[in-house]
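Chain letters run A, B, ... following the sequence lines, proteins first and then strands; every chain starts at 1.
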Amino acid sequence: AQSVAQPEDQVNVAEGNPLTVKCTYSVSGNPYLFWYVQYPNRGLQFLLKYITGDNLVKGSYGFEAEFNKSQTSFHLKKPSALVSDSALYFCAVRDSNSGYALNFGKGTSLLVTP
Amino acid sequence: KAGVTQTPRYLIKTRGQQVTLSCSPISGHRSVSWYQQTPGQGLQFLFEYFSETQRNKGNFPGRFSGRQFSNSRSEMNVSTLELGDSALYLCASRRDSQAFFGQGTRLTVV
């Protein structure tokens with residue numbers, strides 16, 4: 001079985017400050033991890049993924065994420081937040097043993113204030 | 001390159017009716033998956049098709065079905081609609097390990 005937890009429903013950060021959106025996962029095989037962003041009334045936009053290799057993954061729009069196997073975490077980070085980063089963020093996992101279905105977390109709403 | 005296209009964008013249906021949603025994947029992508037997004041349950045996997053064959057299915061009742069055509073376009077059908085089927089239905093086409101999502105079809109059941 002595979003699962004994803006996003007412990008925070010909402011994260012508030014001031015523009016220019018660093019942001020972190022947390023994600024932990026549980027899989028039986030090797031994890032394939034993803035972050036997506038969703039703007040109102042839109043689909044999901046891909047930000048970044050971890051399949052294998054370096055634990056620090058760089059993605060779109062200045063976002064990055066750190067894979068931590070011992071803590072089973074894949075937190076999303078950005079050094080300096082923008083107001084336009086305000087959106088709903090989803091962490092997703094795919095288990096290498098379970099086909100290509102993505103298992104999503106419940107989402108974290110990020111609000112960046114000027 | 002065009003992205004994933006879903007039609008229609010919005011639908012209003014009455015309880016008991018059936019509905020068909022359409023998805024055109026990115027050119028060259030042979031895998032199409034469908035997801036349901038609701039405020040209460042979040043994003044849930046419905047099914048995946050690859051080369052016209054269903055490869056994986058989520059935990060949804062048999063009222064939810066799909067198919068894929070030889071050009072990789074996919075349709076999903078929901079029969080005997082219930083109020084709880086109101087949701088944003090998202091389609092994704094996949095190449096290798098990465099899924100690309102369409103903008104979704106917002107279905108409202110009244």
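Contact annotation for B:S33: neither backbone nor side-chain heavy atoms come within less than 4.5 Å of a heavy atom of chain A. Proximity to chain A (any heavy atom under 4.5 Å) is restricted, for B:L90, to the side chain, taken from C-beta onward. Contacts of A:L44 with chain B are made by both backbone and side-chain atoms, with heavy-atom separations under 4.5 Å. Proximity to chain A (any heavy atom under 4.5 Å) is shown, for B:F47, by neither the backbone nor the side chain. Looking at B:Q6, there are no atoms closer than 4.5 Å to chain A (heavy atoms on both sides), in backbone or side chain. Proximity to chain A involves both the backbone and the side chain of B:A99, based on heavy atoms less than 4.5 angstrom apart. Only the side chain of A:Q38 comes within contact range of chain B, with at least one heavy atom under 4.5 Å from a heavy atom of that chain.
For the side-chain contact (heavy atoms from CB on, under 4.5 Å) with A:S109, the lone residue among A:N12, A:V11, A:L88 that qualifies is A:L88.
When B:G104, B:S97, B:G102 are compared by the number of non-hydrogen pairs under 4.5 Å with chain A, B:S97 comes out ahead. Interface remark: of the candidates B:R106, B:Q37, B:R55, B:Q37 forms the most heavy-atom pairs closer than 4.5 Å to chain A.
The same ILVMFWY cluster, assembled from side-chain heavy atoms under 4.5 Å apart, contains both A:L110 and A:L47.
Taking the charged nitrogens against the carboxylate oxygens, A:E64 and A:K77 have no contact shorter than 4.0 Å, which rules out a salt bridge.
For the pair A:C23 and A:W35, the tightest heavy-atom approach, listed with the atom from each and the gap, is CB-CZ2, 3.4 Å.
More than 12 heavy-atom neighbours from other residues, nucleotides or ligands sit within 6.0 angstrom of CZ on B:R63.
Among residues at least two apart or in separate chains, ring pair (Phe, Tyr, Trp, His ring centres under 6.0 Å) pairs with a member in residues 64-89 of chain B are B:F60-B:F64.
Aromatic ring orientation, B:F101 versus A:Y36: perpendicular (interplanar angle above 60°, classes split at 30° and 60°).
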